[in-house]
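One structure is given here, and the rest of the page talks about it.
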Number of protein chains: 2
Amino acid sequence: MVEKNDHFDLREFLPYLLNLAAEETSLRFSAIYRERYGLLRTEWRVLFHLGRYGDLSASEIGAMAKIHKTKISRAVSALERKHFLKRTASAKDRRREILSLLPAGQAACADLTAAAEAYNRELARQFTPEEWSLLLRSLERLAHLPPSKE
Amino acid sequence: MVEKNDHFDLREFLPYLLNLAAEETSLRFSAIYRERYGLLRTEWRVLFHLGRYGDLSASEIGAMAKIHKTKISRAVSALERKHFLKRTASAKDRRREILSLLPAGQAACADLTAAAEAYNRELARQFTPEEWSLLLRSLERLAHLPPSKE
DNA sequence: AAATAATGGTTGCTTTTGTAACTATCAAGC
DNA sequence: GCTTGATAGTTACAAAAGCAACCATTATTT
C-alpha cells in the first residue's frame, strides 16, 4: 500500500466523498422504511412529498425531488398496491392524476417522518450547530437547490 | 403546492441532501470518463486506485473504496478487456491476483486524474477555503473515513 | 493428516434503474 | 377545424447492481 509520488488523493475529491457519505447515511435509514413498510427509496420519497406538501401530481413531485418520471410512475404503482395512496383524474386536464395519501399512507408517512427527524438529529449531534448549518447550506448549493429561507 | 403545518422539510434531511449533491456533482464528471474512455463509475474508481496506490488485489481495492467484490470483479474484467490492466497470480497465495496498470491504463488514469483535479478545483471555487476544508472533513466523518492527516 | 472453516474471486439469477418509444390529452398555429 | 407540437404518464427493452451459490486455495482445528 505504498503511496505514489502524485499528490491528488481520492479523499479530497468531492464527488467521491459525497458518494461515500450519502451511501453511508442512507443505508441505516433505508433499513427502517424497508423493514417497516417494504418501501424502496423512491417510494419513501414520493410518500414523504405527498405527506409534506399535500396532494400533488406525479410530475410535480418529479420536479421538486428531481426524480425521473419513470421512477415516479413505478413508485406510485407500488404505493397504490399497498393502498398508501389513490389517484384522482384531474377534471380540467385529464392527462394529470392527483395523488393523495390514504390513511395507511398517512400513518406510514407520519411514522417515517418522525424516524427521519430522529435520525437527522442523531447525525447532527456529530457537529456543532455552526458546522451543521454550514454543511446543509453547502450541500444545498452543490445540489443547485434554492437556498432555504430559514 | 401549499405547505402543511408540519415543520420538518426534506431539505434539512441530511441523507437526502447528500444524495442530491452526490448525484449532481458526479454527473458532470462521469460524462468525462464515459465519453473519453467508455468507463463506468466503478471502473474509474478501480483505475484510479491502481494509479494512485500502485498494484493492489481486488479485495484490497474493495476494502479501501468500500466497493463490493462482485462490482470489482466485473470492473476488473472490463478494464482487462480494454487492456488497461493485467492480472498476475500471487506466488505465495494463488487465490489472489495482483492487478497492475498497463500503459494504456496509466495514460487514461493520468488524464482522468488531471480532469478530476480540475473539476475539484472548480467545485472548490464555490466556497471559501475554510468552508471547503470543513466540508471535506465533515464528509469524511460522515463516511466513517479516518481523518486525513493533512 | 483429515475435516472444517475462512478467504479471494467468479458466475447466475433477480431486482432495480435508465432509455426510448408509445398512448392519450391538451395547446397553438394556420 | 386540422395539423403540429408539447405534456402526463406508462411500458418494453437494455444496462447495471445486489444477492447468493459456487470453485479454488489457504488456514485452522482436532
Side-chain angles (χ1 to χ4, degrees), chain A residues 1 19-20 22-24 26-28 30-31 33-35 37-46 49-50 55-82 85-100, chain B residues 1 19-20 22-24 26-28 30-31 33-35 37-46 49-50 55-82 85-100:
Chain A
M1 222 188 272
N19 272 296
L20 282 188
E23 218 167 301
E24 186 72 31
S26 294
L27 216 66
R28 274 172 55 204
S30 73
Y33 53 69
R34 199 158 28 80
E35 283 164 19
Y37 302 100
L39 295 180
L40 253 31
R41 204 173 51 152
T42 307
E43 292 163 24
W44 143 248
R45 285 197 191 169
V46 168
H49 274 83
L50 286 173
D55 301 353
L56 297 169
S57 73
S59 54
E60 281 168 340
I61 298 176
M64 293 177 73
K66 297 194 184 181
I67 307 177
H68 196 265
K69 55 181 187 168
T70 65
K71 272 169 94 170
I72 303 227
S73 173
R74 293 190 253 247
V76 168
S77 300
L79 291 170
E80 194 182 28
R81 268 196 303 279
K82 290 189 171 70
L85 61 75
K86 73 173 201 295
R87 315 176 187 222
T88 313
S90 164
K92 47 183 72 164
D93 184 345
R94 295 213 311 285
R95 291 170 303 184
R96 305 183 61 222
E97 295 179 327
I98 307 303
L99 307 171
S100 27
Chain B
M1 221 187 272
N19 271 295
L20 283 188
E23 218 167 301
E24 186 71 31
S26 294
L27 215 66
R28 273 173 55 204
S30 74
Y33 53 69
R34 200 158 28 81
E35 282 164 20
Y37 302 100
L39 295 180
L40 252 34
R41 203 173 52 153
T42 307
E43 292 164 23
W44 143 248
R45 285 196 192 170
V46 169
H49 274 83
L50 287 174
D55 301 352
L56 297 168
S57 72
S59 52
E60 282 168 340
I61 298 176
M64 293 177 73
K66 299 194 182 179
I67 307 176
H68 195 266
K69 56 182 185 166
T70 66
K71 272 169 92 171
I72 302 227
S73 173
R74 293 190 249 250
V76 167
S77 300
L79 290 170
E80 193 182 28
R81 267 196 303 279
K82 290 188 171 69
L85 60 75
K86 72 174 200 296
R87 315 173 185 222
T88 314
S90 164
K92 46 182 71 163
D93 185 344
R94 296 215 310 284
R95 292 171 303 186
R96 305 183 59 225
E97 295 180 326
I98 307 303
L99 306 170
S100 27

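Just so it is clear: chains get the letters A, B, ... in the order the sequence lines come, proteins before strands, and each one is counted from 1.
- Among residues two or more places apart in sequence or in another chain, the side chain to side chain contact (heavy atoms under 4.5 Å, CB included) test is passed with E80(B) by L85(B), R87(B).
- Computed from coordinates, the K66(B) NZ to dG18(D) P distance equals 15 Å when rounded to whole Å.
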Its contact letters, B for base, S for sugar-phosphate only and - for none at protein heavy atoms under 4.0 Å, make nucleotides 4-10 of chain D read --BBSBB
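- Between R96(A) and E60(A) there is a salt bridge, with a side-chain nitrogen of the basic residue lying less than 4.0 Å from a carboxylate oxygen of the acidic one.
- Taking atom CG of residue L79(B) and atom C1' of nucleotide dG9(C), one finds them 16 Å apart after rounding to whole Å.
- Computed from coordinates, the E23(A) CD to dA17(D) C1' distance equals 11 Å when rounded to whole Å.
- Close to dG18(D), at under 4.0 Å from its OP1 or OP2, lies a side-chain N or O of K71(B).
- Distance, R94(B) CZ to dC23(D) C1': 14 Å, rounded to whole Å.
- Residues forming a side chain to side chain contact (heavy atoms under 4.5 Å, CB included) with I67(B) (at least two apart in sequence, or on another chain): T42(B), R45(B), A65(B), K71(B), I72(B).
- In this structure, CG in L99(A) is found 8.0 Å from CG in D55(A), a value given to the nearest 0.5 Å.
- Comparing the axis of the opening five pairs of the helix from dA1(C)-dT30(D) to dC30(C)-dG1(D) with that of the closing five pairs yields an angle of 20°, rounded to 10°.
- Qualifying side chain to side chain contact (heavy atoms under 4.5 Å, CB included) partners for E24(B), counting only residues two or more places apart in sequence or in other chains: K66(A), H144(A).
- Residues satisfying the side chain to side chain contact (heavy atoms under 4.5 Å, CB included) criterion with S59(A), sequence neighbours excluded, are S57(A).
- What separates CG of L85(B) from P of dG9(C) is a distance of 13 Å, to the nearest Å.
- In this structure, L40(A) places its CG atom 13 Å from C1' of dA17(D), rounding to the nearest Å.
- To the nearest 0.5 angstrom, K86(A) atom NZ is 10.5 Å from I98(A) atom CD1.
- Taking both residues in full, the closest heavy atoms of G38(A) and E43(A) are given as O-OE1, 4.0 Å, listed atom of the first, atom of the second, then distance.
- M64(A) contributes atom CE, which lies 6.0 Å from atom CG of L56(A) (distance to the nearest 0.5 angstrom).
- Look at CG on L27(B): it is 10 Å from P on dG18(C), rounded to the nearest Å.
- Look at CD1 on I61(B): it is 13 Å from C1' on dG8(C), rounded to the nearest Å.
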